[in-house]
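Quick notes on the structure that follows.
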Protein chains: 2
Amino acid sequence: MKSKITLKKIAKEFDVSISTVSKALKGSHEISKEVREKIKAFAAYYHYKPNSLALNLRNQKTKTIGLIIPEIVHHFFTKVISGIEHVANERGYNVMICLSNESYEKEILNMDMLANGIVDGIIVSVAKETEEKGTHNHFKELINNGIPLVLFDRVIDDINCNKVITDDIGGGYLACNHLIKMGCKRIAILTTPDHISVGIKRKKGYLKALNDNNYPIDEDLILKIDEKNSIEDQINNLFELTNPPDGIFGVNEIYAATAIKIAHKKGLKIPDDIAIMGFTNGLISDFTTPPLTTVAQHGSTMGERALELLLDEIEYQDTDYKYKTEVIKTDLIMRNSTKKIPKNTFK
Amino acid sequence: MKSKITLKKIAKEFDVSISTVSKALKGSHEISKEVREKIKAFAAYYHYKPNSLALNLRNQKTKTIGLIIPEIVHHFFTKVISGIEHVANERGYNVMICLSNESYEKEILNMDMLANGIVDGIIVSVAKETEEKGTHNHFKELINNGIPLVLFDRVIDDINCNKVITDDIGGGYLACNHLIKMGCKRIAILTTPDHISVGIKRKKGYLKALNDNNYPIDEDLILKIDEKNSIEDQINNLFELTNPPDGIFGVNEIYAATAIKIAHKKGLKIPDDIAIMGFTNGLISDFTTPPLTTVAQHGSTMGERALELLLDEIEYQDTDYKYKTEVIKTDLIMRNSTKKIPKNTFK
DNA sequence: TATTAACACGAAAACGTTTGCGCAATATTT
DNA sequence: AAATATTGCGCAAACGTTTTCGTGTTAATA
């Protein structure tokens with residue numbers, strides 16, 4: 001276990017100064033060819049690599065950016081990470097990923113840790129607990145400290161910074177509108193409690209689609225799922241209604257896939273008896289029976305754009321930088337859980 | 001955009017030396033109570049936090065560990081990350097996650113980057129390309145540089161370091177044996193090409209189970225899937241055999257779930273006509289129809305153990321450290337894709 | 001031969017921290 | 001009053017790097 005080779009050790013080896021070694025390794029013509037070559041050879045032999053900490057300290061930048069996400073066992077966030085990694089590679093940056101576990105405390109802890117010189121900028125998707133609490137001082141402080149911040153997916157309106165969001169309203173509209181086109185008459189939505197921003201927006205799109213098509217709004221068909229209790233039990237109640245839905249829109253993959261599961265148990269045929277849609281084209285959607293029609297939200301594009309915005313801000317020279325909010329459009333992925341069955345032509 | 005507050009700036013503010021400020025903030029009694037208090041108050045007001053880079057450089061350690069995984073859009077690895085994060089939090093470490101994208105080059109790039117003082121140790125799951133290539137010098141160099149290394153899941157036998165592996169052979173045995181118990185007579189395996197270590201091992205377990213039960217080995221039933229071509233097409237061939245299988249063991253979730261998909265298309269009933277098993281209890285398994293019986297490999301436990309081993313090595317004081325290889329047992333998760341149907345009692 | 005140019009290298013500061021040691025100035029003891 | 005103890009603070013080194021400036025030696029020019 002020999003310790004790392006440094007400029008100092010090389011300098012001692014040849015009885016020259018540290019600066020000579022540094023210059024030699026950089027190929028400076030200040031240093032005679034002879035000395036240059038032998039130092040280079042020696043360094044190569046011992047696999048010399050400049051210590052990053054020292055470099056970062058000197059340069060006052062780390063070429064590393066921090067990413068704080070609520071959860072990692074989640075397909076959407078892994079896609080975002082892929083997108084971020086992709087751009088980071090291209091532009092010579094590293095990524096430090098931290099998990100908030102949806103906790104307000106942990107989010108602050110992570111931010112404090114990253115903010116102490118470790119990273120040049122931070123990308124965050126806000127934890128549920130923070131959204132619920134509505135306390136945003138840690139973000140303001142970060143910005144005050146001059147550390148560039150980009151919020152994505154779950155953002156906070158009154159923080160002034162770059163943002164990348166999914167067109168959740170448009171996606172909700174897309175989903176509900178599709179179910180209407182498929183001939184559904186009573187369309188339910190499986191959504192989140194009211195403090196989750198993306199849930200609210202997707203529901204907004206759903207309501208708009210109903211309105212635009214002159215469908216009545218039935219509160220019985222709006223199910224706000226509380227994840228502290230059994231998701232399956234809560235969705236099951238929907239199927240027990242005296243006047244049950246013939247179309248279901250789940251605002252995420254799990255809700256929709258669980259609905260499929262229950263429909264199977266009830267002996268309902270999908271999509272004939274009931275059509276089911278999801279949101280987020282994740283791992284599950286393609287392997288349910290039938291495969292889930294869903295709204296794709298392009299996680300990796302979001303990641304790419306988030307990092308690009310961050311780096312633009314970091315590398316911006318002038319003083320008149322203007323923050324942007326980018327909206328990433330969603331797309332409908334048609335599969336068989338909502339297939340249109342022409343009336344009276346089947347059997 | 002005011003820049004970060006430092007000891008130097010505080011020192012200038014009160015016209016004292018940097019060391020006075022440092023000591024005051026640490027509550028040293030060397031400094032008079034009066035001065036101590038006013039410095040503390042000032043620092044608190046400006047949210048002073050010591051610069052991590054400087055600290056790390058001075059202490060010659062970073063309390064950060066590096067993690068290199070081949071892929072992140074993969075449930076198993078996200079579970080491992082969760083486990084690692086969990087232990088890291090408890091023991092005051094940070095985690096830097098890097099993706100090799102299954103590429104040999106990128107793996108080396110990541111290792112080089114991490115090795116330059118940024119981290120105190122590294123955890124790696126080897127990229128497919130590296131396994132295929134069989135070149136392991138970068139690992140040896142790392143160890144030579146005195147940087148602790150832990151390999152997990154996909155490991156290399158002739159690298160001397162701590163390792164955490166799944167009991168892949170045992171898991172393969174568990175799966176195949178279960179299918180035998182369920183009454184299957186012709187059991188196929190969907191596995192990987194021969195250079196992927198975990199695929200080989202799971203197949204080994206499958207072969208052992210066949211042997212132990214005096215089942216013949218039929219090469220037609222051993223399908224090595226080449227992911228460069230359509231997985232679905234390759235599996236489909238299995239169903240077209242003149243003497244097709246009545247049980248299928250996929251060495252991962254995707255292969256098994258794809259088999260289910262094809263069985264549905266062929267109009268086969270699962271598990272009555274054909275039983276199907278997976279490996280890895282991921283997101284998909286619970287949402288297929290019927291839900292997949294599978295072998296759970298406890299990713300988060302693996303992550304936890306990997307980091308614990310790494311930190312033990314990092315924090316070890318004496319010179320007689322001994323490397324360990326930990327084998328994490330697998331468990332059978334019974335679901336309905338392999339349900340035993342008692343003969344002649346159904347319909 | 002005296003002046004200047006070119007060459008080859010070293011010293012030192014800077015990034016932000018911590019900490020052992022030294023040294024005044026005061027306070028306490030003989 | 002003299003010797004000693006205590007208090008309160010600063011200096012400087014160390015971590016590893018880069019880079020500006022200075023300087024001594026040799027070579028080229030006037």
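Reminder, nothing fancy here: chain letters follow the sequence lines and each chain counts from 1. Excluded from the calculations below are hydrogen atoms, water molecules and symmetry mates; all remaining heavy atoms, backbone and side chain alike, are included.
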Sidechain N-carboxylate O distance under 4.0 Å for E308(B), R91(B):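 Salt bridge between E308(B) and R91(B), a charged N being under 4.0 Å from a carboxylate O: no.
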Ion pair check, E102(A) and R154(A), cut-off under 4.0 Å: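 Between R154(A) and E102(A) there is a salt bridge, with a charged N closer than 4.0 Å to a carboxylate O.
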Across the strands shown, which category fits [X] at heavy-atom distances under 4.0 angstrom: base, sugar-phosphate, nothing?
X      : answer
Y48(B) : sugar-phosphate
I18(B) : base
S22(A) : base

[N] [atom2] sits how many Å from [X] [atom1], rounded?
X      : N       : atom1 : atom2 : value
L55(B) : dT19(C) : CG    : C1'   : 13 Å
N59(A) : dA13(C) : CG    : P     : 20 Å
L57(B) : dC15(C) : CG    : C1'   : 9 Å
I31(A) : dT19(D) : CD1   : C1'   : 12 Å
K26(B) : dC9(D)  : NZ    : P     : 18 Å
K4(A)  : dC15(D) : NZ    : P     : 16 Å
D15(A) : dA8(C)  : CG    : P     : 19 Å
N51(A) : dG16(D) : CG    : C1'   : 6 Å

Distance-only donor-acceptor test (3.5 Å): side chain K23(A), base dT20(D):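 Between dT20(D) and K23(A), which were checked side chain against base, a qualifying N/O pair under 3.5 Å is present.
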Phosphate-side-chain proximity, S32(A) and dC9(C), N/O vs OP1/OP2 below 4.0 Å: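 Result: yes.
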Phosphate OP1/OP2 of dC15(C) contacted by K8(B) side-chain N/O (<4.0 Å):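 So the side chain of K8(B) is within the cut-off, an N or O lying under 4.0 Å from OP1 or OP2 of dC15(C).
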Check: S52(A) side chain, G117(B) main-chain N or O, donor-acceptor pair, under 3.5 Å: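 Flag not set: sc S52(A) to bb G117(B) has no pair under 3.5 Å.
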Closest-nucleotide 5' rank along DNA chain D - winner of E30(A) and K9(A):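 Nearer the 5' end of the strand: K9(A).
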First of A54(B) and K33(B) reached from the 5' end of DNA chain D, by closest nucleotide: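 It is K33(B) whose nearest nucleotide is closer to the 5' end.
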Measuring from the side chain of [X] (C-beta onward, heavy atoms only), which nucleotide among [options] has the closest atom?
X      : options                   : value
R58(A) : dC15(D), dA13(C), dC9(D)  : dA13(C)
L7(A)  : dC9(C), dT17(C), dT18(D)  : dT18(D)
Q60(A) : dG16(C), dT17(C), dC21(D) : dG16(C)
S19(A) : dT17(C), dT17(D), dA12(C) : dA12(C)

Pair Y321(A), N162(A): side-chain N/O donor-acceptor within cut-off below 3.5 Å: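 Yes, N162(A) and Y321(A) have a side-chain donor paired with an acceptor closer than 3.5 Å.
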Flag for N89(B)-K106(A): side-chain donor and acceptor within less than 3.5 Å: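 Checked: K106(A)/N89(B) side chains pair up, N/O donor to acceptor below 3.5 Å.
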